[in-house]
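Below: one structure, written as structure tokens.
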Amino acid sequence: MTTPSLDLSLIDQAVQILENGGLIAMPTETVYGLAADADNETAVRGTFTAKGRPADHPLIVHLPNADSLRYWAQDIPPEAWLLAKKFWPGPLTMVLKKQDRCGTFVTGGQDTVAIRCPAHPWAQALLQKFSGPTHRGLTAPSCNTFGHISPSCAEHVHQDLGIKPEGKLDMILDGGPCNYGIESTIIDLSQGMPAILRHGSITREQLERVLGFHVPDGGKNSPRVSGRLKSHYAPNTKLRLLDVRTLRQRQQELYANNQKVAIYADTENCITHPSLLVAQLVPPQNAKEYARKLYEVLHRLDAVHADRILIQCPPSQPEWVAILDRLTRAAA
Ligand code: TXA
Ligand code: MG
């Protein structure tokens, strides 16, 4: 993984654009974010328009460090400080009761706000510079059209939202490929009993080790999370997630029907075909590596315009939970 060395003149330029209400693509260690000044209602509303996302979906506020937390959240429970100390900066988002300062145009009308401190050096530099004496923050949903695959490198952003005037963004900060590759873990700490709203690179076990008690998945009463929609992170090509037993059978059926197949499976589970197997990629054995490459792989499998993308079900150990979650939604 190579992160290009920080270009402070680009960071200055980005800060200026944001101060003028512009929209920029910000690299983070999870995925690229579509950043706007969280205090600027017009700019924040612009991110919904750029993404084509329903305006009642709440956004994550990005801050440089835990010291800024109290300017955006209140009634912060001790668990939040514990988790911040352990995992920030990093791929953990906490949902807390919002400060009055935080507009409901950020929170989708809710009285809670999602907050995260990204670790990526470019995001850190940008947030530190932008934050200033008034502790400003940046809203940043993943930098993709609503429902599409999230971007894990600047190239994905260029291809999807793009730069004005043809595209939607004022600037794309290229901070290299994202190290984690899937969105942050979201934990709700706003309603007494902490609950996981979205699985990510920080696992339930890691959270429980710090908190010392079981952290369940959020139930029906949890706040709305668009990443929890049944269909999300989806390529244009129909995608099927199959266990090894049905994988070969399904390929044979598709070939028999003259359907083009793009596959992500171990070599022994893949049947070659001279014309109908149009892409074949082999998944890594390691969950971190798999997560890092996931969206890149989905983008590549989508780009060959197969009739079907077939993906071999990943293992079921805890470190694969977030990956399985994203694949299931991509297949829905
Ligand atoms: O890794 C990430 O979290 C990336 C990077 C850019 O930071 N951001 C990201 O943003 O994934 P987005 O908007 O694609 O997903 C944020 C999720 C949404 O599913 C949203 O519903 C949820 O966070 N969310 C935001 N505010 C919330 C709140 N107050 N209560 C519950 N969920 C909330
Ligand atoms: Mg998203």
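Atoms within each ligand, like the ligands themselves, are counted from 1 in listed order. One is the number of the first residue; the rest follow in order along the sequence.
Residue Met26 does not touch ligand 1, judged by heavy-atom distances below 4.0 Å. No part of Thr107 comes within 4.0 Å of ligand 1, judged by heavy-atom distances. Under 4.0 angstrom from ligand 1, the non-hydrogen atoms of His62 all belong to its side chain. Proximity of His57 to ligand 1, defined as any heavy-atom pair under 4.0 Å, is not found for any part of the residue. Of all the heavy atoms of Ile186, the ones lying under 4.0 Å from any atom of ligand 1 belong exclusively to the side chain.
The closest approach between any non-hydrogen atom of Ala140 and ligand 1 is below 4.0 Å.
For the pair Arg53 and Phe146, the cation does not sit on the ring face, since its NZ or CZ is not both under 6.0 Å from the ring centre and inside 45° of the axis.
Not one N, O or S atom of Asn144 sits under 2.8 Å from the Mg ion (ligand 2).
Checked for salt-bridge contact, Lys164 and Asp170 meet the test: a charged N lies under 4.0 Å from a carboxylate O. With salt bridges taken as basic N to acidic carboxylate O contacts below 4.0 Å, none links Lys288 and Glu319. Using a 4.0 Å cut-off between charged side-chain N and carboxylate O, Glu289 and Lys293 make a salt bridge. Under 4.0 Å is where a charged nitrogen must lie from a carboxylate oxygen, and between Asp325 and Arg198 no such pair does.
In this structure, the separation between CG on Leu126 and CG on Leu138 is 5.5 Å, given to the nearest 0.5 Å.
Looking at ligand 1, you won't find any N or O of Glu183 less than 3.5 Å from one of its N or O atoms.
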